[in-house]
Amino acid sequence: MLIQLKKVDKIYRDGTVSFQALREVDLSVEEGEMVAVQGRSGAGKSTLLHIIGCVDTFDGGSYLLDGTDIGGLRDGQLSRIRSRTMGFIMQDFALVSKLSVFDNIAVPLYLAGTGMKKIRSAVKAAAAEVGLEGQLDKKAGQLSGGQKQRVAIARAIVNAPRIILADEPTGALDATTAGEIIALLKGQKEKGITILIVTHDNSVAAACQRVIEIRDGRIV
């Protein structure tokens, strides 16, 4: 099992005020699955994605990633897992508008200290895979919403991740463009990459193999 959460709790604290975002969450995801996570705003969807992506910590329970106990790792170890194992796609694209498409796609490789020759090769391959050939010199701010999300997908796959975590990847797109983005993600799934998608869109969920519903921090 690639991803295995058991009785995972997450509590956010602000002084004397606390909010339990996740409550005893049990979740198993096999390698190569494409899974949708649905629920109302505030239900805990993004928190779950952040914990799986080793971006956020948890307060109770256990999380095994390909057999590794994530709860026992230090920040540096978690950072290496993120850079080598994970690709992230956000609703707002999370691009740097003033940077070129090339540099936006290359961010994970820059952070990993990858050599420039390998960066050029990997970025060109990722751009070609999402249909951005010839766009690498453009500034990200010049692109349409659909093109920006393609850049985000290219950035997510440029380090050959095992897992892609997508938080509302079609939320800012029209229906036609959203369909194109989901087709790209399904193509990554066919390559064996595990994909988790947080979405409010039932058509996106229908494209996945399995749908997980979260309500008040619990999987129902």
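- Side chains of Arg162 and Thr194 form no contact here, defined as non-hydrogen atoms less than 4.5 Å apart.
- Residues passing the salt bridge (Lys or Arg N to Asp or Glu O under 4.0 Å) test with Asp26 are Lys7, sequence neighbours excluded.
- Under the 4.5 Å side-chain criterion, counting only non-hydrogen atoms from C-beta, Ile214 is in contact with Val37.
- The main-chain N or O of Gln147 is found under 3.5 Å from a side-chain atom of Ser144 such that the two form a donor-acceptor pair.
- In this structure, the side chain of Arg155 engages the main chain of Ala94 through a donor-acceptor pair within 3.5 Å.
- Hydrophobic clustering (ILVMFWY, side-chain heavy atoms < 4.5 Å, transitive): Ile157 and Leu136 are in one cluster.
- Judged by distance alone, the side chain of Asp66 and the main-chain N or O of Leu2 form no donor-acceptor pair under 3.5 Å.
- Applying the salt bridge (Lys or Arg N to Asp or Glu O under 4.0 Å) test to every pair with at least one member in residues 136-154, sequence neighbours left out, gives these pairs: Arg150-Glu180.
- In the model, Ser203 has a side-chain atom that pairs as donor or acceptor with a side-chain atom of Asp201 under 3.5 Å.
- Here the side chains of Ile52 and Leu5 are in contact, with some heavy-atom distance below 4.5 Å.
- Of the possible polar contacts, one joining the Gln149 side chain to the Pro169 backbone as a donor-acceptor pair under 3.5 Å is found.
- Between the side chain of Glu168 and the backbone N or O of His200, at least one donor-acceptor pair lies under 3.5 Å.
- Listed by chain and residue number, nothing satisfies the side-chain hydrogen bond (donor to acceptor under 3.5 Å, both in side chains) test with Ser41 (two or more places apart in sequence, or in another chain).
- Residues Val158 and Ile195 share a hydrophobic cluster, clusters being chains of Ile/Leu/Val/Met/Phe/Trp/Tyr side chains in contact below 4.5 Å.
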